[in-house]
Amino acid sequence: MALKQKFDAGKFVILAEMEPPKGVDGSAMVSHAKRVKERVDAFFIPEMNHAVMRMSALGGAMLLQREGMETIMQICCRDRNRLALQGDLLAAGACGVANIAVVDGEDPSYGDHHQARPVHDINTLELLNAIQGLKEGRDLAGVEITGSPAFLAGSTTHAGARGRSTELELEEIERRSEAGARFFVTPPVFDPELIRPFLQRMDSRRTILIPTVLLLKSLGMARYMERNMPHIFLPPAIIERIQRAPDKVRECVRIAIELVSALKAQGVKAVMLSTLGWEHKLADIVEAL
Amino acid sequence: MIVAAKKPIEEIIEQVKGLRSVLVLGCNECVTVCEAGGKKEVGVLASALRMYFLQQGREVNVGEHTLERQCDTEYLEEIRNNIDAYEAVVSLACGVGIQFTAERYPSKPVYPGVNTCFMGAALERGVWAERCQGCGSCILASTGAVCPVTRCAKRLLNGPCGGSTAGKCEISKDVDCAWQLIVDRLKTLGRLEDYETLCPVKDWSTDRAGGPRKVIREDLRS
């Protein structure tokens, strides 16, 4: 059953983030994905996360799709103008990518090519509209295309992030939903209570909230996030728990598993597991779910 | 200078048609030189607005004032005592002046009366052309003082593209190929060997890549 049908049927969906390689050797990416493919519904392929140059999301998606694994290809507005974005969307559609997640993309100053000039010819909302147009058979210039893609489109939301207005986020979700977005991926969530207001007010038949469950790797990482990422709420109890644990890595895996269970119990219809380079740990999480 | 072009009167009317009073605010600097927003243009726009309101049978107080500069808080203080007599301001300054006026008077709506176009110069009366994009890292020393960032449609830094024909750019036969200009100029200066030197991949972080920019001179700060 394809991802869209699973969403339609209201099934609980597990996504796993799978970053493409920085190079042409995709063997590790493919083998990590293969190891968990029976328990993961689709792999989320980021488009040069944090503006770090690596294989494109389209290339990464292809590596998994040709092995029979479904993907959500992220596409960002930072690196391409409207011609290139639409061209790559057509390429993705023709190559069998069925799901697209649209973001604006972080500024190049975050990444490893900080002298690069960002494009931002169009933004997330406009790109969602462009996807809608392609699905209906026309490009952004209004020209008819030959064969339309049947994408399931989605985007991101700051639901659950600290310092954000719930009302404004819900309004943004609505705007993007009207532009064709069906699913919304959140930043890492460590306290399921923070997304409760969204679950209560979003119609899950129309818009699907996908909290990100980030696998913490160490006490240092948890502390760093707590100090330097003010939009992410990391409860002190989690930090203390890692601090006290004799096997910190195992504890971090346990925390991720418990978070997925708690989110599921709260009525969430999908989660995205993000392991940031520790994809070999994905199996430990998904096999326990 | 910053070159601006007058906005169509219909667009300005659309912004101000519901007001009971409006101040048309000009600027004596760049927009005066390029004849888009100086004292003369303030008078013309104010008269056009008065005629419009008269035709609509409405009594609207249209004020006129031109500041020495709108990009300077000192000069913006000049209207502090009479700005409250107006519901809103139509600023004929460049985008900088419009925003600075709005920042200085936070509760006053400020509408743009011009389209700010570029940094350029007058080629002849009534014709202005772009010469600088403010990329923050000037390379004119190596290009014979002809800017490829501004004058090449593709911002190419190492010679022309394949679309350069008979010294003209592929986008229009009315546009000079920047690299033709650069080569001609280097020849004149006897420095054609500069053309052989490869320009490294440009650092765009001093352009807009790093977000809105600031220049800070610690030696001048009080």
Side-chain angles (χ1 to χ4, degrees), chain A residues 22-23 46-57 74-88 103-127 140-141 143 156 158 161 163-165 168 172 187 228-231, chain B residues 95-96 99 106 115-120 130-143 146-163 169-172 175 178-179 182 197-216:
Chain A
K22 193 173 175 83
E47 176 83 79
M48 296 194 221
N49 248 348
H50 308 295
V52 172
M53 195 293 294
R54 46 179 66 247
M55 184 189 287
S56 70
Q74 193 183 61
I75 190 159
C76 84
C77 304
R78 177 192 59 227
D79 307 322
R80 281 162 293 181
N81 69 6
R82 65 191 81 180
L83 276 87
L85 288 166
Q86 292 180 100
D88 281 350
V103 290
D104 283 321
E106 295 101 332
D107 192 82
S109 57
Y110 285 92
D112 60 354
H113 285 60
H114 56 89
Q115 298 182 346
R117 189 169 53 197
V119 181
H120 299 296
D121 176 32
I122 55 175
N123 67 13
T124 292
L125 202 64
E126 291 154 351
L127 184 51
L140 270 177
V143 179
T156 50
H158 287 94
R164 291 273 182 163
S165 146
L168 282 180
E172 188 58 32
N228 299 298
M229 303 175 86
H231 61 292
Chain B
V96 181
Q99 292 181 68
N115 290 319
T116 305
C117 302
F118 49 75
M119 281 184 275
E130 186 170 20
R131 286 292 182 267
C132 180
Q133 293 208 341
C135 74
S137 176
C138 192
I139 55 166
L140 286 171
S142 60
T143 57
V146 177
C147 178
V149 174
T150 311
R151 302 189 68 181
C152 169
K154 297 174 184 173
R155 302 181 182 183
L156 300 181
L157 301 183
N158 281 298
C161 68
C169 174
E170 68 180 14
I171 61 162
S172 163
V175 175
W179 278 98
I182 292 168
T197 312
L198 272 184
C199 178
V201 177
K202 189 166 168 63
D203 176 359
W204 290 105
S205 64
T206 57
D207 188 74
R208 285 276 302 151
R213 295 166 287 175
K214 267 185 187 171
V215 172
I216 299 174

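The chains referred to below are lettered A, B, ... by the order of the sequence lines, with proteins before strands, and numbering in each begins at 1.
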Part of B:Asp207 within contact of chain A (heavy atom distance under 4.5 Å): side chain
Residue set satisfying side chain to side chain donor-acceptor pair (under 3.5 Å) with A:Glu172, at least two apart, ordered chain then number -> A:Arg175, A:Arg176
Listed by number, the residues in residues 110-119 of chain A that come under 4.5 Å of chain B (heavy atom to heavy atom) are A:His114, A:Gln115, A:Ala116, A:Arg117, A:Pro118
My understanding is that only residues two or more places apart in sequence, or in another chain, count here; which of them pass side chain to side chain donor-acceptor pair (under 3.5 Å) with A:Glu47? A:Arg80
Side chain to side chain donor-acceptor pair (under 3.5 Å) partners for A:Asp104, two or more places apart: A:Thr124
